[in-house]
S.K.: 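Structure in structure tokens, see below.
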Amino acid sequence: MMTLFGDPQVWLPFTFATLMGIAILVYVVLDGFDLGVGVLFPFADDREKDRMIASIGPFWDANETWLVLAIGLLLVAFPAAHGTILTALYLPVAAMLIGLILRGVAFEYRVKAPPKWKSTWNWIFWGGSMLAALSQGFMLGMYIMGLEWTIWTVGFALLTSVFLTVGYSFIGAAWLIIKTDGLLQEKAVSWARGGIWGLVLGLGAISLASPLISARIFDKWFSMPQVLMLAPLPLLSLGLLAIIWVTLRRLPSANDSRAWVPFACGTGLFILAFCGMAYSFYPYVVPEKLTLYEAASAPEALIIILAGTVFVLPMIALYTTLAYYIFRGKATELSYE
Amino acid sequence: MDALILSRIQFGANISFHILFPTITIALGWVLLFFKLRYSATGEDRWMDAYRFWVKIFALSFAMGVVSGITMSFQFGTNWPGFMETVGNIAGPLLAYEVLTAFFLEAVFLGIMLFGFSKVPGWLHTLATFLVAFGTTMSAFWILALNSWMHTPAGYEMRDGVAYATDWFAVIFNPSFPYRLSHMLLASGLTVSFLVAGLSALRLLMGDRSEVAATGLRVGAVLAAVLIPVQIFMGDQHGLNTLEHQPAKVAAMEGNWDTGSHVPMLLFAIPDEETRSNRFEIGIPNMASIILEHSPSGIVPGLNDYYAEDGTPLHPPVGKVFWSFRVMVGTGMLMLALSWFSVWFLSRRDAVTGERWHIDRLPRIALYGFVAMTFSGWVATLAGWLTTEIGRQPWLVTGVLTTEAAVADVPAPMVLTTLIAYLAVYAALLVIYIGTLTYLCGKAARGERLPERKRADGAPFQGKANPAATPAE
Ligand code: HDD
Ligand code: HEM
Ligand code: HEM
């Protein structure tokens, strides 16, 4: 521990890996719910679509900014890894970007372009959200598989891409349970019941595959006393799943009590899964190839970013909270601009 | 084609598409703040109506800027890993500060600005508008600090082929930064002036008699008339700065081959790099020497000085720089002519009524002129960036890193695939964007309601707490 905080070559990369992890996690939860709402689009009728958009309209842009931050931190703190990862994932990254472009502009055009195009834009919004979610899941799978392109790794990545997309649809539905009422809320509950499987299967697949693919990860998890110390992770996950399960049976509830539970527990699941993965892969940024200490930028550069981050991140958290507070409560139907 | 050239085309296409929208949002944010403050001060409906119309166009442009910007932030990794490996210690912090101080600010407060009108007190909404405008300007500040550093690097040292910052103040306020930042912010102001004036003129020509269209035209024309001389002056200063730091670029802009005095300013020429001379030259004698050195005997650098021993050119491609520079300056001159012509007419007192600034005083030809020049800001801005960026070649970071050394070894067919995909999406989006602007103008001109944000209780979006002061819908 002493050395960890003594030597800037050590604690700076570690701090930046943590910051990057936080940014990715916040991104996955926040943009996860608005991508998820997009994934669910075809299941709703036209009025419901407007309400669904209204529930994410004020947030999606800021949510995507966490992706920019995450990729920016990877870029600035671990330039070598940034190049390796992004060139290995060149095509899925491009697919994701095109997905994000299409859905981002669809927010605007579905209400501003001539009305006869609206349903086309609704489909583009859905398609873009799907493309973005699927390619993110694909990248996750490829990353776990060590960024190697073989028929097996691609097969696995295709699986994770479906699971993550369904998982996003869960968190999206959970968001809609909070932000809507009436029939749409009932629908959202049933969507969440379906979407939860994405999380279950996705978590299962990743937990099975990671130790199988790497003996190092296997040893990290399944040797004494680690097994005992790590036991809370899977147990907590199972607990959260059970709570979600039970709550979804009882929703929608009379006075909307516990409408927030699926979203909160879903977020908990994402956090646990993320901690598990972080534990598996540490200290590597490029799995089994490059550790974060090898990939890190010069301490001088990192210090100057850290100084700004420490000061600015709390402010960002503050005004983001303000925005969520201002737009609390149920989303109304007619919400343009 | 190899990965290098494809990556360059892809990067150029991406950033050129991206910059179209920031040039609008940077200045339009401030214009919206101006509308909002005028409304607060005067209570006149036309300012609120103007705000409402233009905030839609702002939102549209912003969305286009955000999605293309997210693409930009991945480009460094996917296509230019060598860039970050060599100058990452400098570029990284600047990019990080842009995300931290600008992107989050604008993204979060944009939500409040667009959706919060009826949810937050008036002052908070005005503050949100201000913070969005401020955020976009901050983002220009950081990205231009980086871009200027790539042109005129300072405050760093090289160790084992990697750049390390030694003085951050010198890195940020590098020699060309003040010029580039002010030239770009003015470019944004001009782009918006002509966009506002152009679309307002379009509405007037469509028969719109509303005060919004007239106000828009007046604001746009006056703003343009004020900014363009400042821009021309700043452009000149920028050129002098470039002469000091990147003389080869100036030689290419002037199309001048031999270093010497009494160099003419070329209005037309076809530079030929094979023969190292110009064909079909038409120029104003001594003018280049006068502009750059303020005297006919001033010495202007020539391209012939920039060849290696073996004859490889060390100067940028001449024709492209020469012509894009002329397109920019030419557009600037047209802007000057149209805006001054219009403001002169507008500001004359009507002999009968004694009124000034009435829109009917403007000759119809000026309206057509403004419509034709709606996107002239885009033309000049892109031409300006092409001059600057191509003028820096073969360097990516002047004297530090060549473009060739920074490219990723992604297989060419893969780059080609993504390039085609991006180009198709961008072309479609550009057509849709312009089409939608025209559609919104037509709708407004016909007096139809534009999509409006409603309050939770179904009451329409309101300006002030007092319903009597609500602008008529
Ligand atoms: C002079 C201005 C300027 C220039 C040269 C650039 N940008 Fe930009 N960018 C902006 C001015 C801007 C802006 C005004 O701040 C935008 C446009 C609309 C918006 O939402 O913010 C923006 C948006 C924007 C976003 C989305 C931010 C968000 O989520 O809100 C990203 C990630 C980038 N840009 C990244 C880049 C990169 C990597 C560039 C260079 C290679 C770049 N931009 C050039
Ligand atoms: C915003 C307006 C900008 C435009 C329109 C623009 C345009 C261009 C163009 C056309 C090139 C190609 C030159 C050539 O290869 O002959 C280029 C090169 C380049 N510019 Fe810019 N640029 C802009 C801003 C920036 C900024 C802000 C940065 C970085 C911070 C940047 C980084 C680069 C890089 C890395 C290259 C080399 C790649 C290449 O040659 O294509 N540019 N730019
Ligand atoms: C009419 C007189 C103008 C002059 C003399 C002028 C001068 C210049 C010069 C010398 C450069 C190159 C800077 C370099 O060497 O790197 C430049 C770049 C640029 N110009 Fe202009 N300019 C003029 C008008 C305009 C107008 C009207 C616009 C847009 C509305 C514009 C937008 C730009 C932009 C965006 C760049 C690239 C960014 C930069 O380097 O600042 N310019 N200009």
Side-chain angles (χ1 to χ4, degrees), chain A residues 54 57-59 61-65 67-69 71-77 79-80 82-87 90-91 93-94 97-98 100-102 104-105 107-109 111-114 297-298 300-301 304-305 308-309 312-313 316 319-320 322-323 326-327 329-330 332-337, chain B residues 55-56 59-60 63-64 66-68 70-71 73-74 76-78 81 84-85 88-90 92-93 95-97 99-101 103-105 107-112 114-116 119-120 162 164-165 168 408-410 414 417-418 421-422 425 429 432 435-436 439-440 451-456 458:
Chain A
F59 308 113
D61 182 2
N63 292 349
E64 267 177 21
T65 307
L67 176 65
V68 180
L69 179 64
I71 203 69
L73 286 175
L74 179 63
L75 176 77
V76 301
H82 179 267
T84 315
I85 295 175
L86 288 187
T87 39
Y90 186 87
L91 288 178
V93 165
L97 291 173
I98 287 181
L100 291 177
I101 292 178
L102 291 177
V105 298
F107 273 100
E108 292 293 323
Y109 287 117
V111 291
K112 284 182 188 145
S297 301
E300 309 71 321
I304 188 117
I305 304 174
T309 314
V312 182
L313 217 48
I316 294 176
Y319 59 66
T320 307
L322 173 73
I326 290 173
F327 297 106
K330 302 288 178 191
T332 50
E333 237 163 83
L334 285 157
S335 175
Y336 294 119
E337 205 82 329
Chain B
V55 80
K56 290 180 189 28
L60 206 60
M64 300 277 279
V66 169
V67 294
S68 56
I70 291 176
T71 313
S73 61
F74 280 84
F76 285 114
T78 48
M84 288 314 281
E85 276 156 27
N89 291 326
I90 302 212
L95 290 169
Y97 272 87
V99 180
L100 290 169
T101 62
F103 289 162
F104 276 106
L105 197 69
V108 172
F109 285 98
L110 181 78
I112 299 177
L114 297 183
F115 294 88
K119 298 217 175 195
V120 298
V162 175
Y164 292 84
W168 277 103
D409 52 359
V410 180
M414 222 143 97
T417 316
T418 55
Y422 283 125
V425 171
L429 285 182
I432 293 166
T436 305
Y439 169 75
L440 287 176
E452 225 31 277
R453 169 150 172 85
K454 306 282 175 164
R455 278 204 335 209

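Values below: every heavy atom of this structure, side chains too, minus hydrogens, waters and symmetry copies.
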S.K.: Distance from B:Phe74 atom CZ to A:Leu86 atom CG, nearest 0.5 Å?
M.R.: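 Rounded to the nearest 0.5 Å, the CZ-CG separation comes to 6.5 Å.
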S.K.: Heavy atoms only, distances under 4.5 angstrom: which of B:Val99, B:Leu429, B:Leu105, B:Thr101 has the most pairs with chain A? Name it, please.
M.R.: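 When all of B:Val99, B:Leu429, B:Leu105, B:Thr101 are compared, B:Leu105 has the most.
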S.K.: Give me the atom names and distance for the closest heavy-atom approach of A:Gly104 to B:Ala63.
M.R.: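 In this case the closest contact between A:Gly104 and B:Ala63 is O-CB, 4.1 Å.
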S.K.: So which part of A:Thr84 gets closer than 4.5 Å to some heavy atom of chain B, the side chain, the backbone, both or neither?
M.R.: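 Contact with chain B involves no heavy atom of A:Thr84 at all.
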S.K.: Run A:Leu69 and B:Phe103 through side chain to side chain contact (heavy atoms under 4.5 Å, CB included) and show every step you take.
M.R.: CA-CA 9 Å; A:Leu69 179 64; B:Phe103 289 162; over 6 Å; no
S.K.: Which answer fits A:Ile71, side chain, backbone, both or neither, if we ask what part of it has an atom under 4.5 Å from a heavy atom of chain B?
M.R.: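 For A:Ile71, the contact with chain B is made by the side chain alone.
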S.K.: Could you give the distance from OG (B:Ser73) to CG (A:Leu74), rounded to the nearest 0.5 Å?
M.R.: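 It is 11.0 Å, given to the nearest 0.5 Å.
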S.K.: Considering only heavy atoms and a distance below 4.5 Å, find which of A:Ile304, A:Leu102, A:Val93 pairs most often with chain B.
M.R.: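 Max contact count across the listed options: A:Ile304.
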S.K.: Output, in order, the C-alpha distance, side-chain angles, deciding distance and verdict of side chain to side chain contact (heavy atoms under 4.5 Å, CB included) for B:Val108 and A:Thr320.
M.R.: CA-CA 6 Å; B:Val108 172; A:Thr320 307; 3.9 Å; yes
S.K.: Could you have a look at A:Val312, A:Val105, A:Ile316 and say which one has the most heavy-atom pairs with chain B under 4.5 angstrom?
M.R.: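 Ranked by contacts with chain B, first place is A:Ile316.
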S.K.: Closest approach of B:Leu100 and A:Gly308, non-hydrogen atoms and distance?
M.R.: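 Result for this residue pair: CD1-C, 4.3 Å.
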S.K.: B:Ile432: what forms a side chain to side chain contact (heavy atoms under 4.5 Å, CB included) with it, not counting sequence neighbours?
M.R.: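 B:Ile432 satisfies side chain to side chain contact (heavy atoms under 4.5 Å, CB included) with A:Tyr109, A:Trp121, B:Thr436 once adjacent residues are dropped.
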S.K.: Would you give the length of the straight line joining atom OG1 of A:Thr65 to atom CZ of B:Phe104, rounded to the nearest 0.5 angstrom?
M.R.: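 Reported value, rounded in 0.5 Å steps: 5.5 Å.
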S.K.: Excluding sequence neighbours, so at least two apart, what forms side chain to side chain contact (heavy atoms under 4.5 Å, CB included) with B:Val120?
M.R.: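 Listed in chain order: A:Ile326, B:Ile112, B:Leu124, B:His125.
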S.K.: On the 0 to 90° scale, with breaks at 30° and 60°, tag the A:Tyr319-B:Phe109 ring pair as parallel, tilted or perpendicular.
M.R.: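 Tilted.
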S.K.: A:Ala113, A:Ala323, A:Ala77, A:Pro114: which one forms the most heavy-atom pairs within less than 4.5 Å of chain B?
M.R.: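 Highest number of pairs under 4.5 Å: A:Pro114.
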S.K.: Quick check: closest heavy atoms across B:Lys56 and A:Lys112, and the distance to 0.1 Å?
M.R.: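 Closest approach of B:Lys56 to A:Lys112, heavy atoms only: O-NZ, 3.3 Å.
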S.K.: If you measure from OG1 on B:Thr71 to CD1 on A:Ile101, what distance do you get to the nearest 0.5 Å?
M.R.: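 Nearest 0.5 Å value for the OG1-CD1 distance: 3.5 Å.
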